[in-house]
Amino acid sequence: MKIIFIGPPGSGKGTQAKRIAAEHGIPHISTGDILREAVAEGTELGKKAAPIMASGGLVPDDLMIGIINDRLGKADARKGFILDGFPRTVVQAEKLDGIVGNGTEKLRVVQLLVPDEAIVKRIALRRSCPQCGAIYHLENQPPANDNVCDKDGAELVARPDDTEAAVRKRLEAFHRQTMPVTSFYKTKSWLREVDGTGPVDQVFERIQRSLV
Ligand code: AP5
């Protein structure tokens with residue numbers, strides 16, 4: 001199964017992609033996670049990406065395409081994968097066609113629909129584990145113990161790009177640069193639109209049904 005998740009910031013791509021990946025035994029490939037790791041390690045990529053991410057802009061296409069080309073070339077991605085956060089521009093979508101089966105192989109493209117007003121509330125209360133990447137929400141998906149990861153006990157953190165100004169810019173980037181990607185896949189009849197509102201379990205069931 002080769003799946004792409006598209007959705008605005010905070011629409012639940014990471015939350016749902018982890019579950020779908022576990023359910024189908026395929027790797028969850030999040031370009032946001034790859035970039036955050038590069039920033040934490042202080043690599044050349046991380047140094048270039050850090051200020052762009054903090055401001056809510058998009059990292060240049062050529063860098064992102066190189067990352068995905070390398071990652072999809074690894075053995076574990078041969079039988080399937082779930083891409084979370086890529087492609088985000090039409091240029092990235094066109095290049096992905098070339099990387100995956102020369103544009104002939106059908107991809108399952110899931111667009112999570114969540115209104116902008118709900119996004120702001122979700123992101124303000126998001127916390128994540130800096131060690132294992134687990135995602136929490138202080139109201140909707142709180143950890144068992146205050147501000148501590150259920151899985152490894154690490155102290156939970158808010159993401160540096162979750163400021164109000166950066167979230168506004170990320171939403172703007174989504175509408176201007178990523179929405180055209182949904183039209184690109186609609187033309188191919190690969191797009192499945194899924195309501196991303198309501199409890200996490202309900203959204204998961206809707207996604208599962210859309211993948212059949
Ligand atoms: P990335 O990490 O991909 O961020 P994003 O797209 O802004 O998405 P988020 O991670 O913020 O949200 P999500 O949809 O995963 O939601 P989550 O599950 O956490 O990218 C970060 C940056 O990297 C970009 O801004 C860009 O700079 C760069 N980048 C990455 N890929 C790139 C690319 N291809 N090209 C160029 N640049 C790129 O959920 C959010 C919160 O809501 C959580 O607290 C969660 O617990 C809660 N929640 C989840 N589901 C529900 C529900 N059903 N009900 C209530 N709360 C819920």
Side-chain angles (χ1 to χ4, degrees), residues 4-21 28-39 45-46 48-69 71-72 82-93 95-96 110-129 133-143 149-150 156-163 165-178 181 194-207:
I4 293 174
F5 268 12
I6 297 180
S11 55
K13 301 183 296 296
T15 301
Q16 298 293 344
K18 287 181 203 302
R19 289 183 65 167
I20 296 284
H28 166 211
I29 301 173
S30 155
T31 43
D33 286 350
I34 292 171
L35 291 171
R36 278 184 285 279
E37 223 174 278
V39 172
L45 169 67
K48 279 188 194 145
I52 302 172
M53 294 171 78
S55 75
L58 291 188
V59 174
D61 285 337
D62 55 336
L63 286 179
M64 299 313 301
I65 291 159
I67 290 172
I68 283 298
N69 197 19
R71 182 62 188 87
L72 294 185
I82 175 157
L83 282 183
D84 159 8
F86 187 98
R88 259 178 153 97
T89 64
V90 172
V91 171
Q92 292 180 14
K95 290 287 181 190
L96 181 65
V110 176
Q111 182 187 3
L112 284 177
L113 305 171
V114 179
D116 287 4
E117 315 82 74
I119 296 293
V120 175
K121 194 167 175 219
R122 281 191 188 181
I123 287 190
L125 296 180
R126 168 171 50 195
R127 297 292 181 272
S128 41
C129 174
I135 302 167
Y136 298 88
H137 187 276
L138 296 183
E139 260 175 33
N140 305 325
Q141 288 187 294
C149 180
D150 294 349
L156 302 179
V157 294
R159 268 173 40 182
D161 59 344
D162 279 354
T163 62
V167 171
R168 233 181 289 120
K169 192 158 171 208
R170 281 155 65 198
L171 271 171
E172 200 261 324
F174 174 77
H175 289 295
R176 197 166 47 83
Q177 291 166 280
T178 309
V181 176
V194 174
D195 178 2
T197 63
V200 170
D201 287 349
Q202 237 175 56
V203 177
F204 176 74
E205 288 307 322
R206 285 185 208 127
I207 295 171

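Start at 1 and go down the list; that is how both ligands and their atoms are numbered. As the structure is a prediction and not an experimental result, all values here were calculated from the model.
Taking every heavy atom of T31 and a limit of under 4.0 angstrom, the matching atoms of ligand 1 come to 30 (C), 31 (N), 32 (C), 34 (N). Applying the 4.0 Å criterion to heavy atoms of Q141 picks out, from ligand 1, the atoms 45 (C), 46 (O). Contact atoms of ligand 1 toward G85: 31 (N), 32 (C), 33 (C), 34 (N) (distance under 4.0 Å to a heavy atom of the residue). Residue Y136 approaches ligand 1 through these ligand atoms, each under 4.0 Å from one of its heavy atoms: 43 (C), 44 (O), 46 (O). Of all the atoms in ligand 1, the ones that sit under 4.0 Å from a non-hydrogen atom of P8 are 14 (O). Within ligand 1, counting atoms from 1 as listed, the ones closer than 4.0 Å to a heavy atom of P9 are 5 (P), 7 (O), 8 (O), 12 (O). If you number the atoms of ligand 1 from 1 as listed, the ones under 4.0 Å from a heavy atom of Q92 come out as 33 (C), 34 (N), 35 (N), 36 (C). Ligand-side atoms of ligand 1 in range of R36: 2 (O), 21 (C), range being under 4.0 angstrom from any heavy atom.
Among the atoms of S11, some N or O lies under 3.5 angstrom from an N or O of ligand 1. For a threshold of 3.5 Å applied to N or O pairs, the pair formed by G56 and ligand 1 contains no separation below that value. At a 3.5 angstrom cut-off on N or O pairs, G12 counts as close to ligand 1. Note: an N/O pair closer than 3.5 Å links G14 and ligand 1 by distance alone. For V59, a nitrogen or oxygen atom sits less than 3.5 Å from a nitrogen or oxygen atom of ligand 1, counting backbone and side chain alike. Between M53 and ligand 1, a contact under 3.5 Å exists for no N or O pair. Residue contacts with ligand 1: R159 is placed with a nitrogen or oxygen under 3.5 Å of a nitrogen or oxygen of the ligand (distance criterion only). Below 3.5 Å of separation, one finds an N or O of N140 facing an N or O of ligand 1.
Summarising the geometry of H28 relative to A21, their closest heavy-atom pair is CB-CB, 3.8 Å, with the distance given to 0.1 Å. Smallest separation of non-hydrogen atoms from I52 and P60: CD1-CD, 3.9 Å. Heavy-atom minimum distance, C149 versus Y136: SG-OH, 3.3 Å. Counting all heavy atoms, side chain and backbone alike, P142 lies closest to N140 at CD-C, 3.5 Å. Between V181 and A93, the shortest heavy-atom distance links the atoms CG1-CB, 4.2 Å. Smallest separation of non-hydrogen atoms from T197 and V203: O-CG2, 3.6 Å.
At the top of the distance list for atom 9 (P) of ligand 1, counting protein heavy atoms only, stands R126 NH1, 3.3 Å. Closest protein heavy atom to atom 52 (C) of ligand 1: R122 NH2, 3.3 Å. For atom 53 (N) of ligand 1, the nearest non-hydrogen atom of the protein is G198 O, 2.8 Å. Nearest to atom 29 (N) of ligand 1 among the protein's heavy atoms is L35 CD1, 3.5 Å. Looking only at heavy atoms of the protein, atom 7 (O) of ligand 1 is closest to R170 NH2, 2.8 Å. G10 N, 2.8 Å is the protein heavy atom nearest to atom 12 (O) of ligand 1. Closest to atom 26 (C) of ligand 1, if we only count protein heavy atoms, is G57 O, 3.4 Å. Summary of contacts: the protein heavy atom closest to atom 8 (O) of ligand 1 is K13 NZ, 3.1 Å.
For the residue pair H175/D116, the side-chain donor-acceptor check at 3.5 Å is satisfied.
Of the possible donor and acceptor atoms, one in the side chain of K13 sits under 3.5 Å from a partner among the backbone N and O of G7.
In this structure, CD1 in I34 is found 6.5 Å from CZ in R71, a value given to the nearest 0.5 Å. Atom CZ of R168 and atom OG1 of T163 lie 8.5 Å apart (nearest 0.5 Å).
No side-chain heavy atom of K48 sits less than 4.5 Å from a side-chain heavy atom of V59. Proximity of F174 to I6: side-chain heavy atoms (C-beta onward) are separated by under 4.5 Å at one or more points. You'll find the side chain of I68 stays beyond 4.5 Å of the side chain of Q92, heavy atoms only.
Taking only non-hydrogen atoms, the option from Q177, R127, R88 nearest to atom 1 (P) of ligand 1 is R88.
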From CA spacing to verdict: salt bridge (charged side-chain N to carboxylate O under 4.0 Å, His left out), R19, D201: CA-CA 10 Å; R19 289 183 65 167; D201 287 349; 2.8 Å; yes

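Proximity of Q16 to ligand 1, defined as any heavy-atom pair under 4.0 Å, is not found for any part of the residue. Within the 4.0 Å heavy-atom criterion, both parts of V200, backbone and side chain, lie near ligand 1. Residue contacts with ligand 1, taken as heavy atom pairs separated by less than 4.0 Å, involve M64 solely via side-chain atoms from C-beta onward.
Within a 6.0 Å radius of NZ in K18, more than 12 heavy atoms belonging to other residues, nucleotides or ligands are found.
A side chain to side chain contact (heavy atoms under 4.5 Å, CB included) with R170 is found for one member of P9, P8, S55 and no other, namely P9.
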